[in-house]
S.K.: 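This is the structure, below, for whatever I ask next.
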Amino acid sequence: MSTVLHPLIPDEPPRDGGFNDALLDGLNPRQREAVEYRGSALLIIAGAGSGKTSVLTRRIAGLLQSREAWPSQILAITFTNKAAAEMRERVGALVGQQAEGMWISTFHSACVRILRREAENFGFTKSFTIYDSADSRALIKRIIKELDADTFGFTVSQASGKISKLKNELMDVESYARGANFNDPNEVMFLEIFRRYTQELARANAFDFDDLIGQTVYLFRAFPQVAALYQRRFRHLLVDEYQDTNHAQYALIRELTKPVKQGDLPLDLQGKGSLEPASLTVVGDSDQSIYAFRGADIRNIVEFERDFPRSKTILLEQNYRSTQNILDAANAVISNNFDRKDKKLFTTIGAGEKITGFTGYSGHDEAQFVADEITKLRDEGIAYKDIAVFYRTNAQTRALEEIFIRSALPYRVLGGTKFYERAEIKDAMAYLITVANPADPLALRRIMNTPKRGIGPATETALQSWADDHDVSLREAMRHADELGLGPKVTGAILGLTAALDEVQLTVDTAKPSDILAELLKKSGYVEALRASRDPQDEARAENVEELLAVTKEFSKNNPEGTLLDFLTEVSLVAAADDLDDTSGTVSLMTLHTAKGLEYEAVFLTGVEEDLLPHRMSANEPGGPAEERRLFYVGITRARQRLYLSLAMTRAQFGDVNVAMPSRYLQEIPADLIDWKQSPGMANSRGGTQPRALNARRDGSSWGTSLREAAGLPPAPVREKTVWASEVTGKVRDNGDLTLAAGDRIRHTDFGEGRVMEVTGEGAKRVAAVQFDTAGRKRLLIKIAPIEKL
DNA sequence: ACAGAAGGGCTTTTT
DNA sequence: GCCCTTCTGT
């Protein structure tokens, strides 16, 4: 092996053929072709569950094994970090250590890597901060306030949404201004917001999420010699979930697959290596495009063949995941989207069980059904970790969680309010960001008076004006606090904080993140202040901060060389689905969006109601209802063996209860595929093909019924059990040391009387299995269930 | 400067 | 139902 001439670029790989046939074992002819095809561009249309990850990993392994490519010449883009980790692992299993040098990451991570290396080319430093959506909203909020733009009717979410959209289209302030209508005061104001926002980001040495992609494209276009390095380096690009790429991501791919210009390379590389464009493989399924709201452009995949004229397309339709009943339902639903290439999933697995349908009176009733069915599945031998519950909006978790806690079902919520969104964690992170990137005023403002140091808004404004007048950073202004004529106490507090930050800052490139954090927490007195507080919640907050400290230690263990910047990058880019830990034996709860790319033995798709799925907000958007249908389709196709569709007749929203109607999509599923345990009356009267409601009765025993009548709906079926006498509240009950033993009689506020059959678990986690007289068998967490001993 | 109370607005999905 | 902003009194 000859020496490597440029750190980025290894030599040409030797081409000695050798393709291990084991890589093709167990593949169908189409999959084989997708692994073996060689050419400039390949589009793999991979239906849900068609084994695309297998194909992709084997394709990469093949390139490595046959010596067509060095690991470092491969760039594979996935949608989530979790998917990247899985792909890396699976390629590693096929080819061993070689997997190390490949770039397998998300668009965002790959771009951060490039930008950290190249930021100095265009006015940033490598220690730039990444603003997440909350950060960028905070900045926009400030700007709107400064400009009094709210009097024009500008809201933060409007402005940030519009800016994000423009950035996804690679529009910057200048190009937007060119097409702007200057007679429209609204547009002028928006332009000013956009301009300031862009300026502030640059001054803060920060990129927002959209910039990570957009600025990388800009970098490649403005600096051809930089682009040439990466064009030459990456010989094989593979992009997963191509249907969800936006225009900026598409442009990035185009840049990377341009032919390498000889003259743009450094002298020592000229004439070395191939100057052909890199080969491109994209995998996707337009039926699973669910991110149009975020700028994903389905045309990228639909027009691939036009974009890359010498491309080859391979269609994978055989499904290896689900039963035929589930696939029939999925096919039936998706065929209602008219503007799609016809594609039908099929399997050789067999029909399998019917889909189970259920209509609850309320979200809680629905949740109870889910909990009960999960218990039954468990009895059939399906592990908790193989069961997932999906919903359209995060707000729906509340009812599910309440019931799951009561029922002692182990669960975890993927996404939702994450650890890093907690105020105390953001505070601690802001300390870290402040020392990593002193130019960032957003982080500095957050910690300036946290913990309380007597530096209030007035002082902050004074500091900021001084900074503006002297054209220095906010941080620099703080160092000159004694020149501002502030009170001695405030001045001392500012100088004290600045000195502490400056001191820690000296160590950022060398010290471990955990040591830096510990030092900052000590010097700032943050944890101390939390512990001293008399707010009982602050104790928990202090523990969360300790938890963050543990996270940094764990990070250093996994990345011995990892710097503070590496840590901050990792934290900025972790997504909801990324903390997925398959080994934990719990039921998984997540939104339909998070569910993409995952699969489970049993899937509960909840809240299949109008205004929820499809969501009310999608109704006005062009293509909205079709995208919602794809979302439903994605949910259905996650299931291997068992699928449950559930809804409620009433749903709590904004604090009060509304009547809910069955989703239009339910009628698109052939009636004989669904076994309704309790069917929605509405679906019957509209579709006419489904079985009549069972046991329909007008006994007025449930408020659900009367609400339906008030709304002019036919009477709902009434189950004898589980009419919620009392609303389940979010308050944590505590039965203290109530002890129960097998044989005891108890009364439950919702289920009535029953007999304890068995008690398991210890202490606060003791669980009673109870046979109720009318409501069946339930598992209850003794400590908090609404029960009394008789 | 800050704590606590009262009032308004809002939630689709996320890298 | 909750969170965030604003107002009021110290």
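Just so it is clear, the model here is predicted, and its values are computed rather than measured.
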S.K.: Glu628(A) side chain: which of dT15(B), dT14(B), dT12(B) is closest?
M.R.: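 So the nucleotide nearest the side chain must be dT12(B).
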
S.K.: For Glu668(A), check salt bridge (Lys or Arg N to Asp or Glu O under 4.0 Å) against everything at least two apart and list the hits.
M.R.: Arg629(A)

S.K.: Over how many whole Å does the gap from Arg294(A) atom CZ to dT12(B) atom C1' extend?
M.R.: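 Interatomic distance, CZ of Arg294(A) to C1' of dT12(B): 13 Å.
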
S.K.: Within this structure, what is the CZ-to-C1' distance between Arg629(A) and dT12(B), rounded to whole angstrom?
M.R.: 18 Å

S.K.: Counting side-chain heavy atoms from C-beta on, which of dT12(B), dT13(B), dT15(B) comes nearest to Asn394(A)?
M.R.: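 The nucleotide sitting nearest to the side chain is dT13(B).
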
S.K.: Minimum heavy-atom separation for Val112(A) to Thr569(A), with atom names?
M.R.: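 Shortest heavy-atom contact: CG1-CG2, 3.5 Å.
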
S.K.: Just wondering, are more than 12 heavy atoms of other shown residues or ligands nearer than 6.0 Å to CZ in Arg299(A)?
M.R.: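 Open: at most 12 neighbouring heavy atoms sit under 6.0 Å from CZ of Arg299(A).
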
S.K.: With a non-hydrogen cut-off below 4.0 angstrom, is Phe107(A) in contact with a base, only sugar-phosphate, or nothing?
M.R.: nothing

S.K.: To the nearest Å, give me how far apart OH (Tyr420(A)) and P (dT14(B)) are.
M.R.: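 These atoms are roughly 18 Å apart.
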
S.K.: Can you measure Arg137(A) atom CZ to dC4(C) atom P for me and round it to whole angstrom units?
M.R.: 11 Å

S.K.: Does NZ or CZ of Lys426(A) fall inside the cone over Tyr420(A)'s six-membered ring, less than 6.0 Å from its centre and within 45° of the axis?
M.R.: no

S.K.: Whole Å only: how far is the CD atom of Gln158(A) from the C1' atom of dC10(B)?
M.R.: 14 Å

S.K.: Going by the rule salt bridge (Lys or Arg N to Asp or Glu O under 4.0 Å), which residues pair with Arg113(A) if we only count those two or more places apart in sequence or in a different chain?
M.R.: none

S.K.: Can you check whether any acceptor in the base of dT12(B) is under 3.5 Å from a donor in the side chain of His615(A), or vice versa?
M.R.: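 Side chain to base: no pair below 3.5 Å.
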
S.K.: Under the rule for ring pair (Phe, Tyr, Trp, His ring centres under 6.0 Å), what residues qualify as partners of Tyr197(A), not counting sequence neighbours?
M.R.: none

S.K.: I need the CZ-P distance between Arg630(A) and dT13(B), as an integer number of Å.
M.R.: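 Distance, rounded to whole Å: 18 Å.
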
S.K.: Enumerate all atom pairs, one protein N or O and one N or O from nucleotides 1-6 of chain B, separated by less than 3.5 Å.
M.R.:
from, atom 1, to, atom 2, distance (Å)
dA1(B), OP1, Gly456(A), N, 3.0
dA1(B), OP1, Thr459(A), OG1, 3.2
dC2(B), OP1, Gly454(A), N, 3.4
dC2(B), OP2, Asn449(A), ND2, 2.9
dG4(B), OP1, Arg534(A), NH2, 3.4

S.K.: Please determine whether a side-chain nitrogen or oxygen atom of Thr594(A) lies at a distance below 4.0 Å from atom OP1 or OP2 of dT14(B).
M.R.: yes

S.K.: Tell me whether Phe293(A) and dT13(B) count as stacked here, given that the ring centres must be under 5.5 Å apart and the planes must differ by less than 30 degrees.
M.R.: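 Yes, aromatic ring over the base.
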
S.K.: Identify which nucleotide among dG1(C), dT15(B), dT14(B) has an atom closest to any side-chain atom of Arg398(A), counting heavy atoms from C-beta outward.
M.R.: dG1(C)

S.K.: Looking at residues at least two apart in the chain, or sitting in another chain, which of them share a ring pair (Phe, Tyr, Trp, His ring centres under 6.0 Å) with Tyr391(A)?
M.R.: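 Tyr391(A) satisfies ring pair (Phe, Tyr, Trp, His ring centres under 6.0 Å) with no other residue.
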
S.K.: Nearest whole Å is fine: how far is dT14(B) P from Asn246(A) CG?
M.R.: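 One finds 17 Å between P of dT14(B) and CG of Asn246(A), rounded.
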
S.K.: Can you list everything that forms a salt bridge (Lys or Arg N to Asp or Glu O under 4.0 Å) with Glu570(A)? Sequence neighbours excluded, please.
M.R.: none

S.K.: Each nucleotide N or O in nucleotides 7-9 of chain C that has a protein N or O under 3.5 Å away: list the pair and distance.
M.R.:
none

S.K.: Can you list every salt bridge (Lys or Arg N to Asp or Glu O under 4.0 Å) pair that touches residues 643-654 of chain A, not counting sequence neighbours?
M.R.: Glu366(A)-Arg651(A), Glu609(A)-Arg651(A)

S.K.: So, using salt bridge (Lys or Arg N to Asp or Glu O under 4.0 Å) as the criterion, who are the partners of Arg88(A) when residues are at least two apart?
M.R.: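 With neighbours one apart ignored, the set is empty.
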
S.K.: Give the rounded distance in Å between these two atoms: CD of Gln653(A) and P of dC2(C).
M.R.: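 In whole Å, dC2(C) P lies 15 Å from Gln653(A) CD.
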
S.K.: When the P atoms of dT13(B) and dC4(C) are compared, how many Å lie between them, rounded to an integer?
M.R.: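 Going atom to atom, P in each nucleotide, I get 16 Å.
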
S.K.: Just to confirm, is there a sub-4.0 Å distance from OP1 or OP2 of dT15(B) to any side-chain nitrogen or oxygen of Ser109(A)?
M.R.: no

